[in-house]
Amino acid sequence: MVKRTTYCGLVDEKYLNQEIDLAGWVQKRRSLGNLVFIDLRDREGIVQLVFSQEINAEALAVAETLRSEYVISVHGKVAARAESAVNDRMKTGKIEVEVTELTVLNKSKTPPFDIADNVTASEDTKLKYRYLDLRRPEMMAAIRTRAQIVKSAHHYLDDHGFIEIETPDLTKSTPEGARDYLVPSRVYPGSFYALPQSPQLFKELLMTAGFDRYYQLARCFRDEDLRGDRQPEFTQIDLETSFLSAEEIQSLTEGVIAQVMHDEKGIDVKLPFPRITWNDAMARYGSDKPDLRFGMELQDLSEFFKDSAFKVFSGAVANGGQVKAIVAPQAAAKYSRKQIEAIQEYIKRFGAKGLAWLKVDNGEVTGPVAKFVKDQQAELIAKLGAQDGDLLLFVADSKKVVADSLGYLRNFLAKELDLIPANQYAYTWVVDWPLFEYDEGDQHWIAAHHPFTMPNEEDIHLLDTDPHAAHAQSYDIVLNGYELGGGSIRIHTREIQEKMLKALDFTLEQAQEQFGFLLDAMDYGFPPLGGLAIGLDRFAMLLSGRDNIRDVIAFPKNSKATEPMTTAPSRVASAQLDELGLNVEDAPEK
RNA sequence: GGUUCCAUGGUCUAGUUGGUUAUGACGCCUGCCUGUCACGCAGGAGAUCACCGGUUCGAGUCCGGUUGGGACCGCCA
């Protein structure tokens, strides 16, 4: 048993002249011969230990042999540092511990990278030695931010009558949505469980059971390619309620977020958060998850340019498309023609065929297409609210291409032009989503949210006539341009649910096979219900100021969905496969 | 599935037109040092230039492939 009085980072003047015990890792040894300083680190911070002949010769001798990341325990006296030796950059910089007893609890190899916040090692190296990476204070802080969010959410939801209930991780594969992770059944060779993409159906059934308010920190699994804000397994703060309206559910969600912001950031957010319809978000920001920390909105010039001599503009309008622009403030001098062309190349990935641009100079526009708009220039500048020195960027194309490319450009330029204020948290609800969206790849209609989403009351009749025009009672909560969470009012009658599935080209037989248990439940007193899930990983990422959710997951996967530390996924013994009745084809040994 | 970038001591990295003893910093090791905190000073060790093949008198460098990794598009109800 190692004795410990307090954490290294918490030793302060109240321990002055007291004998204390500490334990931790050696951050740094500074030897001046017969005077040795050791920075000792634990989860709360660093304190300086001092060893000398006068204090204890034996301890000094051992201190000389210490190296980075050795684990030690010490006994000593907390002493005030001399005025000249005070370190203002250290929380514990006014004191030091004069060590009389030193025990080496374990040695350490030289770590592959410094245990410090400015570490330069590659992501791969850091993940391979994740336990060392997590020793770094900024990593530990991010993981602790996550823990605080969880604690606050528990607190708020418990206080508001939510009951925490676990749902299965081994469940049934669902056809729509992401690819499932499959788990073979030993008892039924050839049959598979799936890991849940979300607890959606279970939480609805909990409402049927009458729990009324459910929540859970739900692990979700989706076998899709990764991104900075996407991991194959992630956690949702998942909740579901009975008998509440969309507005009431949003208000509860705001309560969770406000509690978290108060507890973790000390910020009392202003409620309610703004609401923007999906249509407006797409029109004004070119995104269904707009970053509201800055302006630079998309402005519609379709009408303005419908008769333009510039055929790219007028032609797009004539073909049912749009011309839209964003005004990049004081960016004219910052972007050369060549740089703008590079941007143009970049937005081609969103389908844009080109990027027209103008610079505003002395009340006039300049640039390659200026000649087409010369006679309208004053009107154009006034309409866009542009100033001298601004850069105007135009995309003329279909509605979708215009939104995608200018929406991307808006975010890109805001970053480059440093228009995004630091330490600001801009929450917004995006509401009134389309119920369906068209999958260009598979050439069919899919549910925009999921197939259990309730249409708007006034659109229910459209399910019989023009289902794909219907809008949904669904809502996303957006923070700083990230989809933080989303939810909806669910369908609770079999009649509407069957119409919905029909609109998605499910036959009744398919529906019965895949969701039969849900449809059956609808025959036994299924209450009106709705809920939402907040992405815990993204929330923690945003509140800890990181740009990758790996940083708030203790043991994440890399971008290729493997884990460099354990080397999962890995091959298994053929006996294991035999037991499962599985045959692996064409899988070379690695 | 696609696009693109990358791979050089433990770590990060320079390496020009194909010819160097493969550069530097940090780290590491040894010695000296009683007020350091980016300690200092002196010395030292440490590289299969990811892998396979090709071009060439000669390849870290050029070409082809493989592997691993990063970012992005598709995908993510």
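Any value given below was found using the heavy atoms of this structure, including those in side chains, with hydrogens, waters and symmetry copies removed. A note on names: the letters A, B, ... follow the listed sequences, proteins ahead of strands, and every chain is numbered from 1.
Panel note: side chain A:T453, backbone A:H450; a donor-acceptor pair is recorded below 3.5 Å. Between the A:Q27 side chain and the A:D39 main chain, no donor and acceptor come within less than 3.5 Å of each other. In this structure a side-chain-to-backbone donor-acceptor pair under 3.5 Å is missing from A:R550 to A:G228. The backbone N or O of A:Y475 lies less than 3.5 Å from no partner atom in the side chain of A:Q250, so there is not a single donor-acceptor pair. Between the side chain of A:E563 and the backbone N or O of A:T566 there is at least one donor-acceptor pair closer than 3.5 Å. Remark: the backbone N or O of A:T100 is paired with a side-chain donor or acceptor of A:N56 at under 3.5 angstrom. With hydrogens and angles disregarded, a donor-acceptor distance shorter than 3.5 Å links the side chain of A:Q231 to the backbone of A:K557.
One can place CD of A:E69 at 14 Å from C1' of B:G10, the figure rounded to the nearest angstrom. We find that CZ of A:R179 is positioned 8 Å from P of B:C76, with the value rounded to whole Å. For the pair A:F234 CZ and B:C76 P, the interatomic distance rounds to 13 Å; values are reported in whole Å. Taking atom CG of A:L226 as the reference point, atom P of B:C76 lies 14 Å away to the nearest angstrom. If you measure from atom NZ of A:K400 to atom P of B:G74, you get 7 Å, rounded to the nearest angstrom. The separation between A:R29 atom CZ and B:G40 atom P is 13 Å, rounded to whole Å. Rounded to a whole Å, the CD atom of A:E345 is 16 Å from the P atom of B:C73. A:D225 has its CG atom 11 Å from the P atom of B:C75, to the nearest Å.
If you check B:G58 for Watson-Crick or wobble pairing at under 3.5 angstrom, you find it has no partner at all. A 3.5 Å limit on both hydrogen-bonding distances identifies B:G44 as the Watson-Crick or G-U partner of B:C28. For B:A71, the paired nucleotide is B:U3, the pair qualifying as Watson-Crick or G-U wobble because both relevant distances are below 3.5 Å. For B:A38, there is no paired nucleotide, since no Watson-Crick or G-U wobble pair has both relevant distances below 3.5 Å.
Between the C1' atoms of B:G46 and B:C62, the separation comes to 30 Å (whole Å). Nucleotides B:G68 and B:C29 have their C1' atoms positioned 32 Å apart, rounded to a whole Å. If you take atom C1' in B:C49 and the same atom in B:U13, they sit 13 Å apart, rounded to whole Å. Separating the P atom of B:A47 from that of B:G9 is a span of 10 Å, rounded to the nearest Å. As rounded to the nearest Å, B:A25 and B:C32 have P atoms that lie 25 Å from one another. Rounded to whole Å, the separation between the P atoms of B:U67 and B:C26 comes to 39 Å. On the P atoms, B:C5 is 12 Å away from B:G64, given to the nearest whole Å. A gap of 38 Å separates the P atoms of B:C37 and B:G70, to the nearest Å.
Across all strands shown, A:D404 has no heavy atoms under 4.0 Å from either base or sugar-phosphate atoms. Within 4.0 Å of A:D223, counting heavy atoms only, lies no atom of the nucleic acid at all.
For the OP1/OP2 pair of B:U3 and a distance below 4.0 Å, the side-chain nitrogens and oxygens of A:K348 include no atom meeting the criterion. Here A:T562 reaches the OP1 or OP2 of B:G69: one of its side-chain N or O atoms lies under 4.0 Å away. Distances shown here put a side-chain N or O of A:R550 below 4.0 Å from the OP1 or OP2 atom of B:A71.
Distance CG/A:L102 to CG/A:L49: 8.5 Å, rounded to 0.5 Å. For the atom pair CD1 (A:I326) and OH (A:Y285), the distance works out to 13.0 Å, reported to the nearest 0.5 Å.
With its glycosidic angle within 90° of 0, B:U20 is assigned syn.
Across B:A71, B:C76, B:C75, the shortest atom-to-atom separation from the side chain of A:R222 is found for B:C76.
Side-chain N/O atoms of A:R227 and base N/O atoms of B:G74 include a donor-acceptor pair closer than 3.5 Å.
Residues of residues 106-134 of chain A having a heavy atom closer than 4.0 Å to RNA chain B, listed by number: A:T110, A:P112, A:T120, A:A121, A:S122, A:D124.
Checking A:S31 against A:R29 by side-chain atom types alone, no donor-acceptor pair falls below 3.5 Å. Using a 3.5 Å distance cut-off with no hydrogens or angles, the side chains of A:Q497 and A:R490 do not pair a donor with an acceptor. Using a 3.5 Å distance cut-off with no hydrogens or angles, the side chains of A:E54 and A:S52 do pair a donor with an acceptor.
Of the residues near RNA chain B, A:S559 and A:P199, the one whose nearest nucleotide (by heavy atom distance) lies more toward the 5' end is A:S559.
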Just by protein heavy atoms under 4.0 Å, how would nucleotides 32-37 of chain B read 5' to 3' in B, S and -? -BBBBB
